[in-house]
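Proteins get letters first, then strands, A, B, ... in listed order; numbering begins at 1 in each.
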Amino acid sequence: MSVFRPRSNTIFRVVLVLLAGGAAATLGGLMGYARVPAGTGQQEEIQQPVLFDHRHHILDDGIDCRYCHQTVERTATAGIPSTAVCMNCHSQVWNRSPRLEPVRESYFTGQPIPWVRVHQLPDFVYFNHSIHVNKGVGCETCHGRVDQMPAIVQVQPLTMSWCLECHRNPAPNLRPREDITVMGWQPEGDPVALGNELMKRYDVHARTSCTTCHR
Amino acid sequence: MSVDTKRHAAVVNRVDPLEPVPVLVGRPDDRELNQTLFAPVWAKTRKGWLVLFALALALTGLLFTAIGYTFAVGIGAWGNNIPVAWAYGIVNFVWWIGIGHAGTLISAILLLFQQKWRTSINRFAEAMTLFAVIQALLFPLIHLGRPWFAFWLFPYPSTLGVWPNFKSPLLWDVFAVSTYFTASLLFWYVGLLPDLAALRDSSKSHAKRVVYGIFSLGWRGSARHWRHYRIAYLLLAGLCTPLVLSVHTIVSFDFAVSQLPGWHTTIFPPYFVAGAIFSGFAMVLTLIIPARKAFGFEHVITEKHLENMAKVLLATGLMVAYGYLSEHFIAWYSGNKYEQFVFWNRANGPYAPVYLLMLFCNVLVPQIFWSGRARRSIWVLWIASILVNVGMWCERFVIIVTSLHRDFLPSSWAIFKPTVVDWSILIGTIGFFGLLFLLFLRFVPSVSASEVKELRRELEHEAAPPHPVERAAR
Amino acid sequence: MATYVLAQFQDEHALCEAARRLRELGHTDLDAHSPVPLHGIDEALGLRKSAVPLIALVGGVLGASGGYLMQFWMNALDYPINVANRPLHGPPSNIPITFESGVLISVLFIVFGLFALCGFPRPYHPAFDAPGFESATVDALWLSVRTDRTRAEGITHELERLGGTKVSTVPEDER
Amino acid sequence: MSSVKRIGLPVVGQDGPDDAPDCRGADGRRHWRSLEEWSEGAAAAKAEFPRGAAFLPEALTRRGFLQMLGASAALAGVAACRPPRQEIHAYVRHPEQALFPGNPVPYATALARHGHAVGLLVTTVDGRPIKVEGNPDHPESLGASGRLEQATILDLYDPRRIEGFTARKQPKAYRTLLRELATVAATHEKDGGARLRFLTGATGSPLLLDLRRRISERFPRARFHAYESLTEEATADGARLAFGRALDTRLHLDGARIVLALDADFLSDGPSALRLAREFAAHRTPGPDMSRLYVAEAHLSTTGAAADHRFRMKPSEVLGFARQVAAALASSQGLGDLARIAGDAKPTREASAVAEDLARHRGASLVIAGPRQPAAVHAIAHAMNAALGNAGKTVDYAAPPTEEPAGPRQLAALAKDLAAGAVETLVITAWNPVYTAPADVDLEALLTKVPDVLYLAYRPDETSARATWVIGESHPFETWGDARAHDGTVSIVQPLVQPLLESISEVELLAAFLGEAEKGAYQLVQDFWRARSGAGAAFAARWGTWLAKGVVEGTAAKGEAPTVRFADVAGAAGQPPPKAEGLEASFVVDKLDDGRFAENAWLLELPDPITTISWDNAAMVSPRTAQELGVETGTRVELRLRGRKVDAPVFVAPGHADGVVTLPLGWGREAAGPTATNVGFDAGALRGSQAAWIEPGLALAPFGKRKHKLVQTQEHFSMEGRDLALSFDARAWEEEGPKRLEHLRGAVNAMYSPFGYDKQAFKWGMGIDLAKCTGCNGCVVACQAENNIAVVGKAQVARSREMHWLRVDRYFSGPPENPEVVSQPLMCVHCEAAPCEYVCPVNATVHSDEGLNEMVYNRCVGTRYCSNNCPYKVRRFNFLEYQKGKAPLEKLRMNPDVTVRYRGVMEKCTYCVQRIERARIAVRASGQNKIPDGELQTACQQACPSQAIVFGNLADPESRVSKMHQDERRYDLLHFLGTRPRTAYLVRIRNPNPALSA
């Protein structure tokens, strides 16, 4: 008399399928997760010590990015504005607004404002703003429509493969230097032709050597 | 031990040395074979087994403690340094992989060559292969500086957009070893099916029936199944044969493809494969001699088997010796002073004792098998087989450490000294190997009953020409 | 509602004879059970050649070509890197992995193909319910006929006439 | 990029009183100096001052922890494994000067040791000094820097530094300290400072000397005693003997073709070593103006290793040899003046050959006497130089800053007063005199007789333990001052960072005794120089240029060539020297200087240039002597000298003179930190005041079975007959040298055609000229500082796991008693067909489009296969986590441009790729595509005093490196392997005297 019953066959097979499927799903899930915003930290809301609204400063006041991010064309870091820069205007306007209290406090105590970092690369990645900006890569390309962000979020995955896309074929991401800070910039005329033309003009070429970013 | 095995033992003793020793003593019928061959599985756990198991368990514990420690503090826990960046880790890896060659070789190649004496030792040898390869598989992982990134060695689509480097012999290793393990495992399991079914059907307890029933997947000896089974088994053997040769060839590439004097040698692939078979058969002997005594398998694993294996040892031992010879000759002949120095250094450098031990164990010891009496003497066989295993470990040490510690620039020469952790891992793997093997002996028939039954029929049909399909099956 | 009629036989000739006889009688759905493969049973049962070799070939070809293309695409096309001044696409260095992946896939195809063809895993089968059938994997030869209940009676007699012992009938109840 | 930068450490570079932020005093820090105010203004202080910054955790953890980040990369950013959000601290007020976050800014300053300054450029990033370079405008640096200068930066961030001040066991705030110092000073006014003494080190600083003068005016009976254990008394006496007055001797090797060094290690020791190495190396290439160097010495020094002829002799025999040369010059070369000096000396073959050579190059030769030699030898050297007409050409003389040389004599005077109990207040600014004092001056006991011992200390040490006042000393990079180079050139010492820990400088301490400490160092130095320059209104502008250039122009002392008083010299040197019997003790200076670098882990681990011993010093003897004494390397022996005892391990040194035991000073500290305590043995404990350097009558007795483990980074000194570090004799080279190199360069037949680098604007390469390299190891420390290279400790070095990316291989050839030496700097040679690359399974080491052999740490899984396959064995592996457990202060030193490697990762020389990328980005961002040759230097190249290392762009045929690759002396290391290295070597050429080599 067999120890198994007809339903054993089904059970046995189902279990096998579950085991195999489960293993596959776990691996696939991890790989997938690494590619979705949840995994790359995109669209993550981040509390800043001061409710700074880029939207308002760019659209309503028409301030150029470089007014505050002064060193973007000259150094690796774009440069977080010193409190003094804020006070240039806010000593005059909104100089009583409670929202700006932390700024004034910083200015008078000399304590820096503890901004929270949004775009964060590993320490072994050496990203340099100046070279990108000078070779015609716009702020928008990596940081997105800042002019539409009440609070800054990371819009690009910032994964290595994402960097590589552009490092292998920069042309589509180039724009004339004068439009670097323009938001929602559209190439007039044939984008491909323009891209290639800019490649020549700024002497841009693909760089995928490891030491370009890792030192 | 059952009555009839005693009888067989008696038969063995009465055999006249001038007569060819049979591969199967007596004419036990199927039921008898079932009884004797499954006896170890059904019998009560023995004291001896428990003692050995406890020992193996302890050593396994040591192994994983040592590995844990290495992971915690880094490779610095070992004796490795610059220039000797590879040492025990890789020595053990190559040694175990080599041992893991006999099984598949015996069952696959001997099957293709229709060697009757294969039948009663192949299951045993395959199991040994699996467990040896498991030991070997540990090392590529634990010898990494950052083992938690080991998965970077596999070509999976990562967000880094970087791929492994397929020019690296190490990557070939990854593929070769994992393929070899998978293939051996499946080959072994497929071969096990009929016996598992037999166990299921001949076991008394309900639990055992369920367990064996699950693992035998519902095998019921149907002619429809046999038809696919035989050809599948044959094909697996056909694939495993080149595979087993490729694996050690690729392992030897780790060295041959580099340009270090003492490593960069074209003789390596054949010489490694020969060495692998050499050590593999040695290990089979080391294990099978006590096992057949303990379980009373003298009638199925007869002196014929042992003697044949001794012959294989002799043959492969000579090949290995030839490998050494040609290495040294080419070094001298090349006129390359770096190459020449390495071989001079092996015999005269700080590691000369290991080198001499290697020569003794691998070149001298096998020579005693020219004498038939030595081949038939259990003790000589057993001790020789152990010595060969030691010798083969020394060979890997000589190749890896001795070549590394004095290479091109004398300024960077240095001495390698193994640490406690190094030793623990080496001994630990032996314990872990033993552990798995003991479990195998206890829960799986270590001689393939179905194949021995078939063999018996063949021996009966000897007179009449075998059936064509059956020939294919063998 | 199908049933199985099973009978044990002493030696393979009797078994084969019985099989032939039953087929002459038009019972095609026969199967033999034995601890070892039997000679000439395939003819007796009229079984065709196995499909396993074909499966193996397909697997081997897929594996090898896939392995080679993978290496070519990853190192020469997707991320070409100058490694030690070696050509990006170096066929010689691709041989080992091509071979290994060929073997691997082929082996997997064979084994799982075998299981598929045998309908494994199938721990339960009506035949197991036949009294004494356990001996099929140990030392006895069995013949089983799948038929409908109506004809079971006749087959039983036939089998007994052909020398089958322990003849029994088990209903197939696939639930 | 560390976020410390964004805290806005104020770099008090150029900002003076006017442009300093309002809230600050002249030196920009005084206002928080008192703890009282500190507690009030703590908030303000924290934001403004680095001492806060040193303890911001996130700034420091981040760079160190590659594991976490690696893991995050590994799991491709599974949120759980992503590093925590970091804070960004922006400047509150952006500094006025063009200071950009993350951009390195070099500031000119100077570093004085034993009263001699070397001009430096110190690179700061975001206010953190991280790297020292030489100042090209400084005459004694010429852009080069030695291992000690390089290592100074590590001391700045030493967590063992003394913070704050304690007087009589009471912690004092800055203001309180000054007040109390003022009162102490006042109590001495009534008796004119009769019971006030100062124990200082040697100094040339005009400001300090001026302060001393003014203190002496206020306290006429107070005394200053200058003590240096590495004394140059003999040098001064020699000059007095020869010229009748104290004069500094200034060597000029660029004009010298024949050089005779009498026990003088001028290439690695002494105030002008950097300049002399440059000048010496300039004439070591084959040709008409190739120089020839004779060295007479006991132990094999780097100078001896560079010599064309090296005469092995006891230090005491050097005088005899000098007289023989003089004799030969007098007799056969007709320099009659020298006859009396030579006395009855009989010239040997060597002596005559040297004399002949010297005489053949009158005015273009030079005799150098080492500071360890007695006055007579110096006098003879002066006499010979005068007689040979070298004076004024290859050597000239100038008045020293202080008449009396610092040394035992001055200490003895002080000791007398101390013993007499005539001292109430002793101010010690000299470095750790209790340790450095001669064995026969028991300063430790004497100090107990002094009620108030004020000690200006950088770290707790033997002296601070005996002092009643321990005053935290500022690091030279933290304070204002001035310093004088050996040639008289003065540099303004400007700070690169606020004191990381509360401390003051010697200037401020002395000023306290004039009641001027309140002014602060900045004010003091500026006032002094405003007065000294007499520039008035124009001063501000001039001051600016001085700071920018790093030198005060026109301060170099006038050189003169005074007449030698041959009679007096003869009087001192005329009679034959006494025969020395028994063993002779010879004390030498090595990498730890007088011991003040004993706690510098870089230097402790740095292998000795000749013996390659790391983490130890040893009593060195010749093979012969060792045999006679029945000792061998590692044997522990007891050394006895005039009843003084020391236990030491023996090292059998090739090329060492027989009958001498060489004892390196500065080791075996007792009250040092964990890194240095009981490392090596204290040879100083054997030293007496009389014979500070050389003393006969040493007894050596082996004891104990167990040997002492001396670890060497290189254990095999033979080239095993392989073509590795090649050297030729000049003549052999002329004849068929280039031909002998044919098989070591040029194309090798390879299976694969080389990758083309023609389209690239840059094609990096390096050239190393073995003829120039003196093996000083300066480059090794420079590399360590630039690339955040870990120190691994003695145990790991013993396992041969040192991490130095750049090592200097040293091979001996010829007889072991006096071998020829070749030093070969070796770092990754960046093979175009790199064996390491194709074996890496994960593509962690690959080639860049500009031909760099890249090592990608964050991709490395640590199979170590690359190292096995590297024929040069230049790869280093993090066997353990060597960067662990750094104090926050230490972490501030890390170069933010270089990844800190985690355990399990392979690393190696990258040709300073961080510098390459910075330079390239700079030029390309500004639109061009050309980096001028020489503007981009690797750390090793920049440090190298003899300019043996040249890095540059091979794509530019005019670049120096391209020319080196074309040089006929060029060869490739292990060329036959076909690795096509990007680093080319130039063979070394020796220039032996045919008369002697015959």
Side-chain angles (χ1 to χ4, degrees), chain B residues 73-86 90 140 143-153 158-160 162-174 254-255 257-260 263 336-338 341 400 403-404 406-417 419, chain D residues 67 70-71 73-74 76-77 713-722 724 796 799-802 807 809-811 824 826 835 837-844 846 859-869 871-881 902-906 973-974 976-977:
Chain B
V73 304
I75 290 300
W78 302 359
N80 302 35
N81 59 20
I82 305 294
V84 189
W86 281 359
I90 303 297
H143 101 287
L144 289 184
R146 300 201 291 174
W148 51 91
F149 286 141
F151 61 91
W152 280 352
L153 288 150
S158 74
T159 53
L160 306 173
V162 185
W163 300 109
N165 169 20
F166 289 104
K167 297 174 184 69
S168 166
L170 271 190
L171 204 64
W172 307 344
D173 257 9
V174 171
D254 287 347
F255 310 102
V257 168
S258 82
Q259 38 83 296
L260 190 80
W263 283 16
N336 175 329
K337 61 165 87 83
Y338 298 86
F341 174 82
I400 293 168
S403 307
L404 277 171
R406 291 185 171 179
D407 69 338
F408 293 97
L409 302 187
S411 59
S412 47
W413 288 1
I415 290 294
F416 160 81
K417 285 195 220 71
T419 63
Chain D
Q67 173 192 25
T713 57
Q714 181 180 347
E715 282 153 352
H716 293 260
F717 295 159
S718 154
M719 255 181 278
E720 303 284 328
R722 305 172 177 187
L724 304 179
Q796 291 295 304
R799 275 205 177 277
S800 112
R801 291 172 179 175
E802 61 272 12
R807 66 174 193 261
D809 288 349
R810 192 240 322 83
Y811 297 108
Q824 181 175 43
L826 183 58
E837 288 178 5
Y838 68 85
V839 297
C840 175
V842 291
N843 270 333
V846 298
R859 177 67 176 173
C860 179
V861 295
T863 66
R864 308 187 295 292
Y865 199 173
C866 50
S867 170
N868 290 345
N869 212 29
Y872 310 93
K873 288 288 173 284
V874 290
R875 292 178 155 265
R876 297 286 176 253
F877 185 70
N878 291 271
F879 283 96
L880 301 171
E881 211 213 311
Y902 184 64
R903 84 159 143 97
V905 173
M906 192 61 74
L973 192 54
L974 300 178
F976 72 99
L977 289 174

Please classify the contact of B:N336 with chain D as side chain, backbone, both or neither, using a heavy-atom distance under 4.5 Å. side chain

Contact origin within B:V174 toward chain D - heavy atom pairs under 4.5 Å: neither

Rounded to the nearest 0.5 Å, what separation is found between the [atom1] atom of [X] and the [atom2] atom of [Y]?
X	Y	atom1	atom2	result
D:Y865	D:E837	OH	CD	14.5 Å
B:F416	B:N80	CZ	CG	5.5 Å
D:N843	B:W152	CG	CH2	12.0 Å

Tell me which of these, [options], has more heavy-atom pairs under 4.5 Å with chain B than the rest.
options	value
D:F717, D:Y811, D:F877, D:F879	D:F879
D:Q714, D:M719, D:E715, D:R801	D:R801
D:V839, D:T863, D:V846, D:D809	D:T863
D:R876, D:R859, D:Q824, D:K873	D:R859
D:N868, D:L974, D:L826, D:T713	D:N868

Return the minimal non-hydrogen interatomic distance between D:R799 and B:T419, and the atom names on each side. NH2-CG2, 3.2 Å

Selection from [options] maximising heavy-atom pairs under 4.5 Å formed with chain D:
options	result
B:A150, B:G145, B:P147	B:G145
B:I90, B:D173, B:L260, B:D254	B:D254
B:V162, B:I415, B:V257, B:L144	B:L144
B:Y338, B:F166, B:W263, B:W78	B:Y338
B:S412, B:P164, B:S403, B:S258	B:S258
B:G79, B:A414, B:A77	B:G79

Pairing donors with acceptors under 3.5 angstrom, does anything connect the side chains of D:Y838 and D:N869? yes

Using a 3.5 Å distance criterion without hydrogens, assess whether the side chain of [X] forms a donor-acceptor pair with backbone atoms of [Y].
X	Y	result
D:R864	B:I82	no
D:Y872	D:L973	yes
D:N878	D:E881	no
B:R146	D:C860	yes

Sort [X] into side chain, backbone, both or neither according to what part of it lies under 4.5 angstrom from a heavy atom of chain B.
X	answer
D:P871	both
D:E802	neither
D:L880	both
D:S867	side chain

Listed by chain and number, what are the side-chain contact (heavy atoms from CB on, under 4.5 Å) partners of D:E720, not counting sequence neighbours? B:F341, B:P410, B:W413, D:S718, D:R722

By side-chain hydrogen bond (donor to acceptor under 3.5 Å, both in side chains), which residues pair with D:R875, not counting sequence neighbours? D:T845

